[in-house]
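Note on naming: letters A, B, ... go to the chains in the order of the sequence lines (proteins, then strands), and numbering restarts at 1 for each one.
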Number of protein chains: 2
Amino acid sequence: MTNIHDIARLSGYSVSTVSRVLNHHNYVSAETRQAIEQVVKKLDYAPNAVARDLSRGKTFNVGVVLPHADHPYFTQLVQGIMRAAFAANYHVVLLPSKWDAQLEQKYLETLRQHAYDALIFTSHGLPLATLAKYQRYGRIVICENPHDSGLPATYAERVATYRTAFAHLKKLGHTHIGVLNSRDLAASATTQATVAAYEDVFQAPLPAKYCYTGVNTLTDGQTAGGYFVARFPEVTAVMTNGDDIALGFRRAYLAAQRPLPYLIGQEHQPSGEALKLPTIDHHFDLVGVRAFQLAIGETATNVAIPSEFLLN
Amino acid sequence: MTNIHDIARLSGYSVSTVSRVLNHHNYVSAETRQAIEQVVKKLDYAPNAVARDLSRGKTFNVGVVLPHADHPYFTQLVQGIMRAAFAANYHVVLLPSKWDAQLEQKYLETLRQHAYDALIFTSHGLPLATLAKYQRYGRIVICENPHDSGLPATYAERVATYRTAFAHLKKLGHTHIGVLNSRDLAASATTQATVAAYEDVFQAPLPAKYCYTGVNTLTDGQTAGGYFVARFPEVTAVMTNGDDIALGFRRAYLAAQRPLPYLIGQEHQPSGEALKLPTIDHHFDLVGVRAFQLAIGETATNVAIPSEFLLN
DNA sequence: GTGAAAGCGCTAACAG
DNA sequence: CTGTTAGCGCTTTCAC
């Protein structure tokens with residue numbers, strides 16, 4: 001492995017001068033530069049990125065913690081993060097978590113070890129308070145309402161849009177409504193937002209049995225559909241947590257040859273359009289862009305991105 | 001910033017002993033270990049990951065070059081890569097390229113600078129010969145047939161399945177068939193595979209006007225649909241390069257109130273199921289897994305993953 | 001303009 | 001079982 005000292009020795013100049021021409025720093029005489037560049041080329045030399053990072057005390061890496069990569073929430077978010085990171089010459093490292101607290105803790109530790117300049121949690125299993133503690137080791141951004149955690153955050157402004165959606169259902173005369181979510185009420189801010197919006201609109205608690213969680217994929221949606229079709233014929237509308245998921249949900253009703261409930265999707269996916277489902281577009285790519293900006297920026301301002309309810 | 005020397009000094013032991021404790025290496029007496037761990041805890045010390053990488057001459061990072069993140073080919077591939085990388089304790093760094101040769105060159109240079117242990121090209125703008133040259137700086141894996149480039153590769157075995165699909169169209173009596181692809185015939189191995197399969201089955205060249213390229217998104221599909229609906233009423237079937245894209249294509253015909261051609265999708269997406277479209281599942285996640293294994297493995301064996309034609 | 005030297009923080013061969 | 005020491009390869013301050 002050839003290094004900067006070799007270049008220095010062979011060119012007859014010092015390492016610092018070599019470093020300067022490598023980094024286009026300060027003034028270096030034209031001939032010195034040429035001589036050095038010649039040796040660089042001859043030895044096929046390339047500076048070592050890790051050594052550089054070490055010396056500079058900065059990696060230009062941001063870690064993105066994500067539960068799984070196959071949900072549109074995450075792909076859209078990652079997309080936005082990548083776009084912004086690219087523009088700022090940062091690199092994006094994907095950190096799969098499955099909401100596993102131990103894993104998340106491990107990622108926090110790697111931040112502490114300066115493997116990344118910042119960490120973005122697209123979602124999290126660990127309590128916010130725990131994340132907050134690690135802020136002293138590097139910037140940590142979350143993608144949900146930070147409440148009083150003090151963490152920098154961007155997130156889709158969900159409640160208002162959920163209200164619009166539920167109001168739509170109410171206007172259509174639906175009174176028994178199912179709700180599908182990814183995680184338990186206790187664990188998930190999104191689930192909480194959905195339920196809160198429901199209760200705002202209907203001025204009544206959402207029956208627990210209508211609040212079905214653990215749904216992440218199309219297949220999960222189908223399972224959920226099986227649950228509802230077998231148990232709750234009175235449910236005439238369902239707020240699903242994804243167009244693809246709504247598609248799965250629908251499958252179960254088709255299989256059972258029962259009339260379809262009125263379905264609302266989310267994420268504005270092609271499958272939703274195909275079925276002409278009303279949906280919610282949360283503009284997660286934008287959330288991603290802002291999340292990244294918070295990750296490297298100085299400002300700690302929180303940003304809520306408005307989402308929209310769409311009748312396909 | 002507290003470092004390993006501080007720990008050594010304060011604990012009264014040497015850096016190497018501290019290092020051993022930190023890495024659970026060799027034998028260290030229980031009391032020594034305890035004493036050191038105490039100091040570590042007291043100073044809230046964490047070893048620096050970059051320094052460690054430098055010292056070890058290895059980063060455990062693999063870079064994944066991808067044209068864009070919003071196509072199922074790439075999301076599925078990345079998914080597989082992540083799964084395998086996670087299992088092997090590697091990190092995945094996403095490198096957006098848009099098939100830009102200069103950018104790709106830059107990524108090759110970063111490999112040369114030892115920023116990554118390996119690079120996976122999910123697709124590429126640069127000629128394979130150029131990629132091949134950089135192999136001396138680290139492992140480079142491609143996700144298409146390597147032909148005589150000598151590059152390690154995994155890829156979906158497309159031609160056979162495309163043949164099956166075209167044979168299906170032939171059996172249905174279609175004679176004028178459109179084909180949608182992402183990139184030019186000259187640039188893309190996938191496009192070449194599609195055309196080759198067509199010609200195998202129909203024993204005739206695919207008319208150039210029926211070979212439409214530049215299609216990556218649903219919206220592109222719609223544009224393509226507009227092109228075909230306005231120009232080629234004789235086309236009764238179209239081989240699209242994605243279920244979502246087929247959906248976009250379909251839009252144009254619906255808007256024009258013209259009878260829909262028979263559409264074949266790809267990637268086995270929910271939208272395809274919603275429309276009951278025949279589709280091709282290339283099992284890209286598996287391709288991703290194997291690509292990663294090639295990236296860190298010793299074997300240079302190429303692996304073709306069979307794909308399947310599905311009648312939804 | 002250029003160079004010497006002190007870091008950056010850790011690992012591992014070697015010696016005891 | 002523990003310590004010494006020589007790297008890993010680059011950046012940057014401070015002199016001249």
Side-chain angles (χ1 to χ4, degrees), chain A residues 1-40 43-61 109-117 137-138, chain B residues 1-40 43-61 109-117 137-138:
Chain A
M1 176 86 330
T2 136
N3 65 25
I4 200 172
H5 289 105
D6 299 331
I7 306 298
R9 190 160 24 76
L10 265 84
S11 65
Y13 291 91
S14 72
V15 285
S16 40
T17 302
V18 174
S19 176
R20 282 187 199 105
V21 336
L22 255 28
N23 297 291
H24 310 287
H25 266 343
N26 302 338
Y27 292 91
V28 178
S29 77
E31 45 184 337
T32 303
R33 142 160 290 111
Q34 288 215 326
I36 291 179
E37 280 172 345
Q38 203 136 73
V39 179
V40 165
L43 295 199
D44 189 29
Y45 165 76
N48 180 299
V50 180
R52 177 179 284 172
D53 283 349
L54 175 60
S55 187
R56 288 207 268 237
K58 201 165 177 341
T59 63
F60 286 93
N61 280 157
E109 285 297 325
T110 34
L111 175 67
R112 182 156 165 246
Q113 295 172 107
H114 299 280
Y116 313 109
D117 293 350
Y137 305 117
Chain B
M1 176 87 329
T2 134
N3 65 24
I4 200 173
H5 289 105
D6 298 332
I7 306 297
R9 190 161 23 77
L10 265 82
S11 64
Y13 291 91
S14 72
V15 285
S16 44
T17 301
V18 174
S19 176
R20 283 184 200 107
V21 171
L22 259 26
N23 297 292
H24 310 287
H25 265 346
N26 302 339
Y27 291 91
V28 178
S29 76
E31 44 183 338
T32 303
R33 143 159 289 113
Q34 288 214 327
I36 290 179
E37 279 172 347
Q38 202 135 76
V39 179
V40 165
L43 294 201
D44 189 30
Y45 164 76
N48 180 300
V50 180
R52 177 179 285 171
D53 283 350
L54 176 60
S55 186
R56 287 207 270 237
K58 200 165 177 347
T59 63
F60 286 92
N61 280 155
E109 285 298 325
T110 33
L111 174 67
R112 181 158 164 246
Q113 295 170 163
H114 298 280
Y116 313 109
D117 293 349
Y137 305 117

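- Using a distance-only test at 3.5 Å, with no hydrogens or angles considered, no donor-acceptor pair links the side chain of B/S55 to the main chain of B/A51.
- Summarising the geometry, the separation between NZ on A/K58 and C1' on C/dG9 is reported as 19 Å, rounded to the nearest angstrom.
- One interatomic measurement links the two molecules: NE2 of A/H25 to P of C/dG1, which rounds to 17 Å at whole-angstrom precision.
- Residue A/Y13 contributes atom OH, which lies 20 Å from atom P of D/dC10 at whole-angstrom precision.
- We find the OG-CD distance between B/S29 and B/Q34 to be 9.5 Å, quoted to the nearest 0.5 Å.
- As judged by a 4.0 angstrom heavy-atom cut-off over every strand, B/D53 is placed among residues making no nucleic acid contact.
- No side-chain heavy atom of A/Y45 sits less than 4.5 Å from a side-chain heavy atom of A/D6.
- Looking at heavy-atom distances under 4.0 Å, A/S29 makes contact with sugar-phosphate atoms alone, never a base.
- The phosphate of D/dT11 (OP1 or OP2) has a side-chain N or O of A/S19 nearer than 4.0 angstrom.
- Atoms CZ (B/R9) and P (D/dT4) sit 14 Å apart, rounded to a whole Å.
- Side-chain contact check for B/V50 versus A/V50: some heavy-atom pair is nearer than 4.5 Å.
- No donor-acceptor contact under 3.5 Å links the side chain of A/R33 to the base of C/dG1.
- Separating the CD atom of B/E31 from the C1' atom of D/dT2 is a distance of 12 Å, rounded to the nearest angstrom.
- With sequence neighbours left out, A/R33 forms a side-chain contact (heavy atoms from CB on, under 4.5 Å) with A/V21, A/H24, A/V28, A/E37.
- Contact check, B/S14 against D/dT2: no side-chain N or O comes under 4.0 Å of OP1 or OP2.
- Put simply, CG on B/L43 is 14 Å from P on C/dG9, counting in whole angstrom units.
- Taking atom CD1 of residue A/I36 and atom P of nucleotide D/dC10, one finds them 13 Å apart after rounding to whole Å.
- Side-chain N/O atoms of A/D117 and A/T59 include a donor and acceptor closer than 3.5 Å.
- Among C/dT11, C/dT2, D/dG3, the nucleotide with an atom closest to any side-chain atom of B/R20 is D/dG3.
- For the pair A/I7 CD1 and C/dG3 P, the interatomic distance rounds to 14 Å; values are reported in whole Å.
- A/Y137 and A/H114 get closest at one heavy-atom pair: O-CE1, 4.4 Å.
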Grab the N/O contacts between the protein and nucleotides 5-9 of chain D below 3.5 Å, and write none if there aren't any.
unit_1	atom_1	unit_2	atom_2	d
D/dG7	N2	B/S55	OG	3.3

